[in-house]
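Have a look at this one.
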Amino acid sequence: MPQEDNYVIDQMISAKSIAARVESLAFEISDYFKGTDKLVVVGLLRGSFVFIADLVRELDLPVEVDFLETSSYGDGMESSREVRILKDIRGEIAGRDILVVEDIVDTGHTLNHVVKLLQSRNPARLEVCALLNKAARREVDITARWVGFEIPDEFVVGYGIDYAQRNRNLDHIGKVRFIK
Ligand code: IMP
């Protein structure tokens, strides 16, 4: 098992590229939900907090923001595959348009669980926007309508995403590389 301090971070996606992509995603999402007066943006804590903050400010729609937290990787790098809700959303969503915002779709278990849970509450429409997609790692059949970047099977940090709770405050996405 690698030591948590024995690593460097190699830049994968620059802050500038992220900003440009967030702008174009927001444009597409605003167009898709055009005319809605009831979009609830549901961010999955904690990894999506930076992304959701930037995304909602670019949306040309009336939005409400809510958050949901699931059990995570803990401080490790492997998915537990067992998803538990640690914090549910506050608002009612029946009949409302929902945009779920996720940082990374990896095995897909988290998103699958959350989408099923929210669908059971009968929203009008429910779509997903994920900043990053690791398609090679998928174990369940779930896709996000909008994906910021397709990435290879690497462990990444930054722009809200952590390794052992650190590096969330990096302005770019980097990949973790272990050193001796
Ligand atoms: P999934 O259930 O396997 O799709 O895992 C999704 C969650 O695992 C994401 O929301 C992240 O919190 C976490 N995760 C997946 N890949 C990474 C990574 O490369 N770095 C940090 N967290 C990750």
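Just follow the structure's listing: the first ligand is 1, and inside any ligand the first atom is 1. This is a predicted model, so every value here is computed, not measured.
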- Query: Between Val156 and ligand 1, is there a nitrogen or oxygen pair with a distance under 3.5 Å?
  - Reply: yes
- Query: Linking I/L/V/M/F/W/Y whenever any side-chain heavy atoms sit under 4.5 Å apart, do Val147 and Leu132 land together?
  - Reply: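 No, Val147 and Leu132 fall in different hydrophobic clusters.
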- Query: Going by heavy atoms, is Glu154 under 4.0 Å from ligand 1?
  - Reply: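 Heavy atoms of Glu154 do come under 4.0 Å of ligand 1.
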- For ligand 1, note which part of Glu139 has a heavy atom under 4.0 Å away: side chain, backbone, both or neither. neither
- Message: For Phe67, is there any backbone N or O sitting under 3.5 Å from a side-chain donor or acceptor partner on Lys87?
- Response: yes
- Look at Asp103 together with Arg168 and state whether they make a salt bridge at an N to O cut-off of under 4.0 Å.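 Salt bridge between Asp103 and Arg168, a charged N being under 4.0 Å from a carboxylate O: no.
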- Set of residues satisfying side-chain contact (heavy atoms from CB on, under 4.5 Å) with respect to Arg138, sequence neighbours excluded: Val105, Asn133, Ile142
- Message: Under 4.5 Å between side-chain heavy atoms, counting indirect links through other Ile/Leu/Val/Met/Phe/Trp/Tyr residues: same cluster for Val22 and Leu39 or not?
- Response: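 As far as the 4.5 Å side-chain criterion goes, Leu39 and Val22 are connected within one cluster.
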- Proximal ligand 1 atoms for Asp103, defined as those under 4.0 Å from one of its heavy atoms: 9 (C), 10 (O), 11 (C), 12 (O)
- Query: Asp162 near ligand 1, heavy-atom distance under 4.0 Å?
  - Reply: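 For ligand 1, residue contact (heavy atoms, under 4.0 Å) with Asp162 is present.
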- Task: Any atoms of ligand 1 less than 4.0 Å from a non-hydrogen atom of Lys134? List them with their elements.
- Result: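 Answer, ordered by atom number: 16 (N), 17 (C), 18 (C), 19 (O).
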- Query: Restricting to pairs with a member in residues 171-180, which pass salt bridge (Lys or Arg N to Asp or Glu O under 4.0 Å), not counting sequence neighbours?
  - Reply: Asp10-Arg177, Glu154-Lys175
- Message: Is any side-chain heavy atom of Met12 closer than 4.5 Å to one of Pro152?
- Response: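 Yes, side chains in contact.
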- Backbone or side-chain N or O of Gly108 under 3.5 Å from ligand 1 N or O: yes
- If you count the atoms of ligand 1 from 1 in the order shown, which ones are under 4.0 Å from a heavy atom of Ile161? 20 (N), 21 (C), 22 (N)
- By number and element, which atoms of ligand 1 are closer than 4.0 Å to a non-hydrogen atom of Thr110?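 Once the distances to Thr110 are compared, the set is 1 (P), 2 (O), 5 (O), 6 (C).
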